Amino acid sequence: MKKVLMGSLLGLLLICFFLFIFYRSIQGRHWQEENAALQAAYKNTALQTVDGIGQFNGDEPLTIIYGKDKDGRDMIVWVGEKEIHTEYASAGIGKEQLKQRLLREKPGIELLRITPGVKDGMYVWEVFYKTSGEDGERHYYDFYRFSDGQYIETYRLSKSR
């Protein structure tokens, strides 16, 4: 009985080890790209501390870095292959402000994500949300100008049941 228990434990540990190795091999490239974007942001902007990192997948994939400068002012850094752009959060409509506005203007939506991005060369907020009805769910992408929150356009995805 003791041999079976030890064999099972060893087998479980081996499975966990190989799953860990597999996960690292899949995520490794993503972590390297994220680290390179962080280093570029630290080197080329006033960024001093990082509060969060996200991704935007538009015309050009971007790493979005939320952080603060040396004076503690909130900033957002868009890091792409060709350029790095920085805005202080106070220079545009805030994420929370946009969220509250959307929930007020579009009751019944389920917000899934709000992230900074670039659309047609303009810095934007991309809002991903869904609505549910009797005939199924529908997902949407709305775009709002970062500087003032002006609505730009909506992409409506097909319904899912």
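Values in this document were obtained by computation on a predicted structure and should not be read as measured data.
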Chi angles and distances behind the side-chain hydrogen bond (donor to acceptor under 3.5 Å, both in side chains) call for D142, Y140: CA-CA 6 Å; D142 283 0; Y140 299 84; over 6 Å; no
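- Taking CD1 of I76 as the reference point, atom OG1 of T86 lies at 10.0 Å (rounded to 0.5 Å).
- With rounding to the nearest 0.5 Å, the separation of CD1 in I152 from CD in E126 is 11.0 Å.
- Note that the CZ atom of F17 and the CG atom of L19 stand 11.0 Å from one another [nearest 0.5 Å].
- Considering CD of E34 and CD1 of I65, their distance stands at 8.0 Å, rounded to 0.5 Å.
- In this structure, the separation between CG on D51 and CG on D74 is 6.5 Å, given to the nearest 0.5 Å.
- Counting heavy-atom neighbours within 6.0 Å of E105 CD, excluding the residue itself, gives a total above 12.
- Using a distance-only test at 3.5 Å, with no hydrogens or angles considered, a donor-acceptor pair links the side chain of D69 to the main chain of D71.
- Salt bridge absent: K119 and D59 never bring a charged side-chain N and a carboxylate O closer than 4.0 Å.
- In this structure, H139 and F128 have parallel ring planes: the angle between them is below the 30° cut-off, well short of the 60° mark.
- Ring centroids of F146 and W125 are separated by less than 6.0 Å, placing the two rings close together.
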Residues E83, H85; criterion side-chain hydrogen bond (donor to acceptor under 3.5 Å, both in side chains); working and verdict: CA-CA 7 Å; E83 72 174 298; H85 179 76; 5.2 Å; no
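- A distance-only check finds a donor-acceptor pair linking the side chain of R101 to the backbone of G149 [under 3.5 Å].
- The cluster map of Ile, Leu, Val, Met, Phe, Trp and Tyr, joined by side-chain heavy atoms under 4.5 Å apart, puts Y151 and I109 in the same cluster.
- Of the possible donor and acceptor atoms, one in the side chain of W78 sits under 3.5 Å from a partner among the backbone N and O of G117.
- Take Y42 and apply the ring-ring contact (aromatic ring centres under 6.0 Å, His included) test, not counting sequence neighbours, and it matches no residue.
- A centroid separation of less than 6.0 Å is found between the aromatic rings of F143 and Y155.
- Looking at Y144, its side chain never comes within 3.5 Å of a backbone N or O of S147 through a donor-acceptor pair.
- Within the 4.5 Å cutoff, the side chain of R73 has no heavy atoms near those of the K68 side chain.
- The two residues T115 and F56 come nearest to each other via the heavy atoms CG2-CD1, 4.2 Å.
- Clustering ILVMFWY residues whenever any of their side-chain heavy atoms sit less than 4.5 angstrom apart, transitively, puts V50 in the very cluster that holds Y88.
- No donor-acceptor distance shorter than 3.5 angstrom exists from the side chain of R138 to the backbone of K130, with no hydrogens or angles considered.
- Nearest heavy atom pair, residue L38 against residue I53, reads CD1-CD1, 3.5 Å.
- For the atom pair CG (L102) and CZ (R104), the distance works out to 9.0 Å, reported to the nearest 0.5 Å.
- Hydrophobic clustering (side-chain heavy atoms under 4.5 Å, transitive across Ile, Leu, Val, Met, Phe, Trp, Tyr) keeps L111 apart from Y141.
- Counted within 6.0 Å of NZ on K99, heavy atoms from surrounding residues, nucleotides or ligands total 12 or fewer; the atom is thus considered open.
- Under the 3.5 Å distance criterion, the side-chain polar atoms of D148 are matched with a main-chain donor or acceptor of Q150.
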I64 and Q55: CA distance, side-chain angles, deciding distance, side-chain contact (heavy atoms from CB on, under 4.5 Å) verdict: CA-CA 6 Å; I64 308 298; Q55 299 296 317; over 6 Å; no
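- Note: the hydrophobic cluster containing I93 does not contain V124 (ILVMFWY, side chain heavy atoms under 4.5 Å, direct or indirect links).
- Closest approach of L47 and A41 over heavy atoms only: CD2-CB, 3.8 Å.
- Considering every non-hydrogen atom in both A46 and M75, the closest pair reads C-SD, 4.1 Å.
- For the pair E60 (side chain) and E81 (backbone), a donor-acceptor distance under 3.5 Å is present.
- Y123 is not connected to I84 by any chain of hydrophobic side-chain contacts under 4.5 Å among Ile, Leu, Val, Met, Phe, Trp and Tyr, and they are in different clusters.
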